[in-house]
Each structure stands twice: as structure tokens, then as C-alpha cells.
K.L.:
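Dropping a structure here in C-alpha cells format, bear with me for questions.
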Amino acid sequence: MSKIIKTLTIAGSDSSGGAGIQADLKTFEEYGTYGFSALTTIVTMDPDNGWHHNVYPVDAALVAEQLKTVFAGGPVDAMKTGMLGSVEIVRVAEQAIKEHRQTNVVIDPVMVCKGEDEVLNPESAEAIRDLLLPLATVVTPNLFEAGVLSGLGKLTSIEEMKEAARRIHELGAKNVVVKGGKALDGEKAIDVFYDGAEFAVLESDKIEPAFNHGAGCTFAAAITGGLANGLPVSEAVAKAKDFVSAAIRSGYQFNQYVGPVFHGGYRLAK
């Protein structure tokens, strides 16, 4: 290889391997990049309590030390954030991005774990909105997160997704992808992309059974991998949708509670 392409994830750990830092690093590898990581939270899922999620944030000072290690080799070609866990960690991520003049920044504004429906830390959500969205090349909220960030609440249609994307763009993000996925009625999994000038509605067939644990993390990591490889934002987003669709199609039933995506699905389908 003539040049090592470097990618970074600042995110939490999912021991089941479908989401979080595990999903990000596997996706980075599929994109031919060298993945770095800074761990922000450890998430466990309790099989004795209906797969309830327990979230344990890492101390913000330790996150900062991890990032000091990563950036000792200079800026990376692209990076993403996932679950950050606390306002202090959000501030650490903001400082690193600014200090190293990092470009190609993908913000996945993780507010809940799949299967949960309450914001883990409302103050962190506000910090992501105020501190990280203005630094984002792309932000990738799902319907719940887009409703929170935009102030619109529950989103149930493409038009509402577009309005949410418009409002989130006004918060400073250069490009917005509102992920509808399988949540909207109909036969298509629908996402809305907005670059501040035009909307694009991205459609794919819904996949059943939907082994989609980790799909959101994988999608954001795939955009990161695309940007690191020099793809324009719109092309990186379109390829990421194909990548995650293949990952869902190749997923499997881990246990009675969850079925994760398989991150090598796009490559194996070729």
C-alpha cells in the first residue's frame, strides 16, 4: 500500500459485537482503512433482565488520553463519534476536533440504545447539538434523534424528515442524513439526505428478517470510510446505505433478543 488511510471512532463498546466501537472498527477494515479508537462507554446487556442495557461511561480524562495517543501520529483522514456518555466527553471530542483541525467529521448523535426509548443523558444530547453539530461534515440521526435535535418530536413522514433535516442543518452541520430505516410505513427503508441546498430520498427494499442491531453505527462508520477514501459526501452516503443493507441481509440471530448485522456482507455479496 502506498498510503495508509486512517480512520478514528470515538464511541462506546458493545460486547455483542454488532454495534459501537466493534462495528466501527470492522467497517473501517472493510473500507481498507486503518482504524483507531477512543473508548467512551462500556455497555452491557443483561439476558436475565430482558436484555436491559447498562451504560458505564469512561472518565473523560481517560478519553482525552486515548485521543492524545491517536493524534500523536497527526490528523486522521476521517473520524466519527458515536455514544459519548457525558457532557465532559462531548467536550473532549470537541476539543480534539478543533485542536487538530480535523476534517471529514461524522457525528452519529447516539442518544439511546436500540430497544430503549429514553434519552440516556439529556444534557449530553444538548451538548452534542451545541458543540459537535457545528463541526460535523455529516450528522446521521435516526428518527428519534432527529426529532430531539430538531425540536419536532416524533417524525412519521418523509416531509417531517425533510423539515427535521433542514432544522438540523441550521444548527451547523454541513450535511444531514435522517435515517428512517424500517420505521416508516411501506415497503421501502427510507433515509433523507440534505446538503443545505437539495434533498435526496434514499430508498432500499426492507429486509426481513431484519437483523439490524448495529445498523446505525455501521452506517455512520461506512460514511466515515467513504470520506477517508476520498468519496464526495453524497457518494459516501449512498455507498454506506448499500453497505449497511448488505450487512443487514447477511446478519444473524444472536439470541432471543437481538440479531446483529454482519459487517462483511457487502464484500461477500460481490
K.L.:
Indicate yes or no: does K68 engage E65 in a salt bridge with an N to O separation below 4.0 Å.
P.N.:
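The answer is no: the pair does not qualify as a salt bridge.
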K.L.:
side-chain hydrogen bond (donor to acceptor under 3.5 Å, both in side chains) between T137 and N104: does it pass, once the steps are laid out?
P.N.:
CA-CA 6 Å; T137 307; N104 291 331; 4.8 Å; no
K.L.:
Can you label the angle between the W51 ring and the F254 ring as parallel, tilted or perpendicular, going by 30° and 60°?
P.N.:
tilted
K.L.:
Do V110 and L84 touch side chain to side chain, with heavy atoms closer than 4.5 Å?
P.N.:
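No, too far: nothing below the 4.5 Å cut-off.
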K.L.:
Compare every heavy atom of P260 with every heavy atom of G18, then report the nearest pair and how far apart it is.
P.N.:
CA-CB, 3.9 Å
K.L.:
Are V90 and V139 connected in the hydrophobic side-chain network, where two residues link if heavy atoms are under 4.5 Å apart?
P.N.:
yes
K.L.:
Above 12 or not: heavy atoms from other molecules or residues under 6.0 Å from CZ of F71?
P.N.:
yes
K.L.:
Give a yes or no on whether the backbone of M83 and the side-chain of T40 come within a donor-acceptor separation of less than 3.5 Å.
P.N.:
yes
K.L.:
Tell me whether N142 contacts the main-chain N or O of K179 through its side chain, where contact means a donor paired with an acceptor under 3.5 Å.
P.N.:
no
K.L.:
Less than 4.5 Å apart, side chain to side chain, heavy atoms only: is that true for Y266 and K239?
P.N.:
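Contact flag for Y266/K239 side chains = yes.
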K.L.:
Hey, what do you get for CD1 (I107) to CG (L132), rounding to the nearest 0.5 Å?
P.N.:
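Answer for the CD1-CG pair, I107 versus L132, is 4.5 Å.
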K.L.:
Between D205 and K188 (side chain of the first, backbone of the second, donor and acceptor by atom type, cut-off under 3.5 Å), is there such a pair?
P.N.:
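Not at all, since once roles are kept as given, no pair shorter than 3.5 Å links the two residues.
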K.L.:
Mind running salt bridge (charged side-chain N to carboxylate O under 4.0 Å, His left out) on R167 and E163 for me, showing each step along the way?
P.N.:
CA-CA 6 Å; R167 293 192 185 191; E163 179 58 26; 3.1 Å; yes
K.L.:
Side chain of N255, backbone of Y257: donor and acceptor closer than 3.5 Å?
P.N.:
yes
K.L.:
Is any side-chain heavy atom of V76 less than 4.5 Å from a side-chain heavy atom of T7?
P.N.:
no
K.L.:
Can L131 be reached from L135 by stepping across I, L, V, M, F, W or Y side chains whose heavy atoms are under 4.5 Å apart?
P.N.:
yes
K.L.:
Just how far is it from atom OG1 of T103 to atom CZ of R101, taken to the nearest 0.5 Å?
P.N.:
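Reported value, rounded in 0.5 Å steps: 12.0 Å.
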K.L.:
Give the C-alpha distance, both sets of side-chain angles, the deciding distance and a yes or no for side-chain contact (heavy atoms from CB on, under 4.5 Å) between N212 and I207.
P.N.:
CA-CA 9 Å; N212 65 350; I207 300 165; over 6 Å; no
K.L.:
Would a distance-only check, ignoring hydrogens and angles, find a side-chain to backbone donor-acceptor pair under 3.5 Å from K182 to K206?
P.N.:
no
K.L.:
Going from CG on D191 to NZ on K241, what distance comes out if it is rounded to the nearest 0.5 angstrom?
P.N.:
3.5 Å
K.L.:
For a quick test of reading the model, state the closest non-hydrogen atom pair linking S150 to A146 and the distance between them.
P.N.:
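Of all heavy-atom pairs spanning S150 and A146, the closest is OG-O, 2.6 Å.
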K.L.:
Please report the shortest heavy-atom distance between L143 and M161, naming the atom on each side.
P.N.:
CD2-CG, 3.7 Å
K.L.:
For E145 and M111, work out which heavy atoms get closest and say how close.
P.N.:
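Looks like OE2-N, 3.3 Å.
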K.L.:
Between P109 and L149, is there a side-chain heavy-atom distance shorter than 4.5 Å?
P.N.:
yes
K.L.:
Would a distance-only check, ignoring hydrogens and angles, find a side-chain to backbone donor-acceptor pair under 3.5 Å from Q22 to S16?
P.N.:
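No.
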K.L.:
Count the heavy atoms belonging to other residues, nucleotides or ligands that lie under 6.0 Å from CG of N49, then report whether that count exceeds 12.
P.N.:
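For N49, atom CG is crowded (more than 12 foreign heavy atoms under 6.0 Å).
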K.L.:
To the nearest 0.5 Å, what is the distance between CG (N175) and CZ (F193)?
P.N.:
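Spacing of CG (N175) from CZ (F193) equals 4.5 Å.
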K.L.:
Tell me whether V148 shares a hydrophobic cluster with L152, the cluster being built from Ile, Leu, Val, Met, Phe, Trp, Tyr side chains joined at under 4.5 Å.
P.N.:
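In one cluster: yes.
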K.L.:
Regarding E30 and K26, does a basic nitrogen lie under 4.0 Å from an acidic carboxylate oxygen?
P.N.:
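The answer is no: the pair does not qualify as a salt bridge.
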K.L.:
Side chains of I10 and S37, heavy atoms from C-beta outward: is any pair under 4.5 Å?
P.N.:
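No; the side chains remain at least 4.5 Å from each other.
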K.L.:
Short question: side chain of Q253, backbone of V258 - any donor-acceptor pair under 3.5 Å?
P.N.:
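Present.
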K.L.:
List the steps and the verdict of side-chain contact (heavy atoms from CB on, under 4.5 Å) for K162 and V201.
P.N.:
CA-CA 9 Å; K162 287 182 177 180; V201 177; 4.1 Å; yes
K.L.:
Tell me the closest heavy-atom pair linking V176 and A165, and the distance in Å.
P.N.:
CG2-O, 3.8 Å
K.L.:
Ignoring hydrogens, what is the shortest heavy-atom contact between A215 and I248? Give both atom names and the distance.
P.N.:
CB-CD1, 4.2 Å
K.L.:
Looking only at atom types and distance, does a side-chain atom of D59 sit under 3.5 Å from a main-chain N or O of A61, one as donor and one as acceptor?
P.N.:
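A pair under 3.5 Å: yes.
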K.L.:
Looking at Y31, F219, F262, F28, which one forms a ring pair (Phe, Tyr, Trp, His ring centres under 6.0 Å) with F243?
P.N.:
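Single ring pair (Phe, Tyr, Trp, His ring centres under 6.0 Å) partner of F243 among Y31, F219, F262, F28: Y31.
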K.L.:
To the nearest 0.5 angstrom, please state how far the NE2 atom of H213 sits from the CE atom of M45.
P.N.:
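Taking NE2 in H213 and CE in M45, the distance rounds to 4.5 Å.
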K.L.:
Under a 4.5 Å side-chain heavy-atom rule over Ile, Leu, Val, Met, Phe, Trp and Tyr, are I168 and I128 clustered together?
P.N.:
yes
K.L.:
Any donor-acceptor pair under 3.5 Å linking the side chain of Q66 with the backbone of L39?
P.N.:
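A pair under 3.5 Å: yes.
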K.L.:
With a cut-off of 6.0 Å (strictly less than), are more than 12 heavy atoms of other residues, nucleotides or ligands near CD of Q95?
P.N.:
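Counting other residues, nucleotides and ligands, CD of Q95 stays at 12 neighbours or fewer.
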K.L.:
Scan residues 71-82 for pairs that pass salt bridge (charged side-chain N to carboxylate O under 4.0 Å, His left out), counting only residues two or more places apart or in two chains.
P.N.:
K3-D77, D24-K80
K.L.:
Within the distance-only criterion (no hydrogens, no angle test), does the side chain of D14 pair as donor or acceptor with the backbone N or O of A19 below 3.5 angstrom?
P.N.:
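Flag set: sc D14 to bb A19 pair under 3.5 Å.
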K.L.:
In this structure, would V105 and V70 fall into the same cluster of hydrophobic residues linked by side-chain contacts under 4.5 Å?
P.N.:
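Both belong to a single hydrophobic cluster.
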K.L.:
Could you grab the distance from atom CD1 of I89 to atom CZ of R91, nearest 0.5 Å is fine?
P.N.:
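Here the interatomic distance stands at 12.0 Å.
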